[in-house]
**Student:** 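Quick one: the structure is below, and I'll ask about it shortly.
Here is the naming used below: chain letters follow the sequence lines, and residue numbers restart at 1 for every chain.
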Amino acid sequence: MNTSLFHGQLVRLAAPNPETDAEALSRWQRDAEFLRLLDSDAARPLPVAQNKTDMEAIVARENSFAFMIRTLADDRVIGFIGLGRPQWTHGDAWLGIGLGDREYWGKGCGTDAMRVMLRFAFTELNLHRVSLGVFEYNPRAVRSYEKAGFVLEGRTRQDVRRDGRYWDSLWMGILREEWERQNPKSQDSRSKARTAG
Amino acid sequence: MNVQLFEGERVRLAPHDPDKDAEVESRWTHDPEYMRLVSADPVRPLSPGQIKKKYEEAGKEKEKSQNRFSFAVRTRADDRLIGLVRLDRIEWNNGAGWLALGIGAAEDRGQGYGTEALRLILRYAFDELNLHRLSASTFEYNTGALRFLERAGFAVEVRRRQAIQREGRRWDDLFLGILREDWERLAGGR
């Protein structure tokens, strides 16, 4: 049983520390493939000072929930995850994730972090749904999102241009009722917590 | 080359004039039915002063990023403000952007003004900004906008299930898209 809201099986979500994490971010940004998988901006590495300023701004924003992903085994920072742009009246927010450290690709750390983040979204923020966007050329991410329970809701055609051709953006979402169906255990632990008080 | 990008038959795309327009735009924000057609934000009336401030902030933002082109829609007959149209969140590296359009007063809707304004802004997007595609978002309950966009060549691409809660029930948020080739096929002679 999970006793902490921020702990998964392999990773935990931790508060960003711009002092030290900005350096990790700059290291990951040397990897253009990582940047192209992350968003549709023109890929470019940023200096540590810039990343530090950007991170401080994100941390200060009350309306976004950004965390660093740390391994449980050795507390290493391997990426980041966050929920942003919440529409509180509608109970919808956008999820973003990046695993900067290639050593940890394809090992279930991203999926694990997604599960922790979704539990946070549905049991702490009490959202009705969570949304995300991903690119056609990132099938590994799509598989991981599907494993976490996301459903494909459509594709914007020819939305991103990389290496001389156009690629679709894919849009995925998960509803509270879908998440609850897939996570009956956390329902149990919640009602136990209530009776324990 | 006869270039008329801003003049339609009965409407024109014109620069904003906050001093003159704020009064009218403030009136639109007092109409919850209209506001719920164009925005997912909680409806709330804005004063002319608040509208002016919004324009000042948008101006600063534009200087920084150059990825937003916003126009007032005015009647050619009497230069009256009837709506707003804008392209924003433009990603120059991908040739992609988002369209938003609204005709503010109920009595000005259904007159073909919106169709003209849409024709002008699409030409601006594809012929002047040289974009590759445009996206637009509307809500399941806004069947008028849906028909309006589909008639102009947009296709529904994404259905974000239950993303909007209004009047005690859930509605889907729809993303529509039009590619340059769709527009060229339809707008041939421009």
**Student:** Taking the side chain as every heavy atom from C-beta outward, state whether B:R133 and A:D159 have any pair of such atoms under 4.5 Å apart.
**Tutor:** yes

**Student:** With distance as the sole test, does B:N93 use its side chain to make a donor-acceptor pair with the main-chain N or O of A:S40 at under 3.5 Å?
**Tutor:** yes

**Student:** Indicate, with yes or no, if B:F71 and B:L84 share a hydrophobic cluster defined by side-chain heavy-atom contacts under 4.5 Å among Ile, Leu, Val, Met, Phe, Trp and Tyr.
**Tutor:** no

**Student:** Look at the rings of A:Y166 and B:H132 and say which category their plane angle falls in: under 30° parallel, 30 to 60° tilted, over 60° perpendicular.
**Tutor:**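 Answer is parallel, since the angle falls under 30°.
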
**Student:** Which atoms of B:I178 are under 4.5 Å from chain A, going by heavy atoms: the side chain, the backbone, both sets, or neither?
**Tutor:** backbone

**Student:** Are B:Q162 and A:H90 packed together at the side-chain level, in the sense that at least one heavy-atom pair is separated by less than 4.5 angstrom?
**Tutor:**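 They are not in contact (no side-chain heavy atoms under 4.5 Å apart), so the answer is no.
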
**Student:** A quick test of your reading: do over 12 heavy atoms of other residues, nucleotides or ligands sit less than 6.0 Å from CD of A:E146?
**Tutor:**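 Enclosed.
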
**Student:** Please check if the number of heavy atoms outside B:R169 that lie under 6.0 Å from its CZ is greater than 12.
**Tutor:**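 Yes, enclosed.
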
**Student:** Treating Ile, Leu, Val, Met, Phe, Trp and Tyr as nodes and any side-chain heavy-atom pair under 4.5 angstrom as an edge, say whether B:I90 and B:F154 lie in one connected cluster.
**Tutor:** yes

**Student:** Quick one: of A:L175, A:D41, A:L152, who has the most non-hydrogen atom pairs under 4.5 Å with chain B?
**Tutor:**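 Option with the greatest count: A:L175.
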
**Student:** Backbone N or O of A:G173 within a donor-acceptor pair of the B:R161 side chain at under 3.5 Å?
**Tutor:**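 Pair found, side chain donor or acceptor close to backbone of A:G173.
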
**Student:** Atom CG of B:D41 and atom CH2 of A:W88: how far apart are they, to the nearest 0.5 Å?
**Tutor:** 14.0 Å

**Student:** Give the cluster check for A:I97 versus A:M68: same hydrophobic cluster or not, with ILVMFWY residues linked at side-chain heavy-atom distances below 4.5 Å.
**Tutor:**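 The answer is yes; both residues are in one hydrophobic cluster.
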
**Student:** Yes or no on side chain to side chain contact (heavy atoms under 4.5 Å, CB included) for B:L179 and A:R157, after CA distance, side-chain angles and deciding distance?
**Tutor:** CA-CA 8 Å; B:L179 304 181; A:R157 297 161 294 161; 4.0 Å; yes

**Student:** If only atom types and distance count, is the side chain of A:D92 paired as donor or acceptor with the main-chain N or O of B:A163 below 3.5 Å?
**Tutor:**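 Absent.
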
**Student:** Say whether B:L13 and B:F148 are linked into one hydrophobic cluster, either directly or through other cluster members, by side-chain heavy-atom distances under 4.5 angstrom.
**Tutor:** yes

**Student:** For A:E177, I'd like to know if atom CD has over 12 heavy atoms of other residues, nucleotides or ligands within 6.0 Å.
**Tutor:**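 Atom CD in A:E177 is crowded, with more than 12 foreign heavy atoms closer than 6.0 Å.
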
**Student:** B:Q165, B:R166, B:E157: which one forms the most heavy-atom pairs within less than 4.5 Å of chain A?
**Tutor:** B:E157

**Student:** Same cluster or not: B:I51 versus B:V24, using hydrophobic residues (I, L, V, M, F, W, Y) connected whenever any side-chain heavy atoms lie under 4.5 Å apart?
**Tutor:** yes

**Student:** Does any non-hydrogen side-chain atom of B:I164 lie less than 4.5 Å from one of A:Q87?
**Tutor:** no

**Student:** For B:E181 and A:Q158, what are the C-alpha separation, side-chain angles and deciding distance, and is it a side chain to side chain contact (heavy atoms under 4.5 Å, CB included)?
**Tutor:** CA-CA 11 Å; B:E181 65 199 56; A:Q158 305 183 23; 4.3 Å; yes

**Student:** Do A:E153 and B:R159 come within less than 4.5 Å of each other through their side chains, counting heavy atoms only?
**Tutor:**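 Side chain of A:E153 against side chain of B:R159, heavy atoms only: no contact under 4.5 Å found.
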
**Student:** Counting only heavy atoms from other residues, nucleotides and ligands, does the tally under 6.0 Å from CZ of B:R44 exceed 12?
**Tutor:**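 Result for CZ/B:R44: open.
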
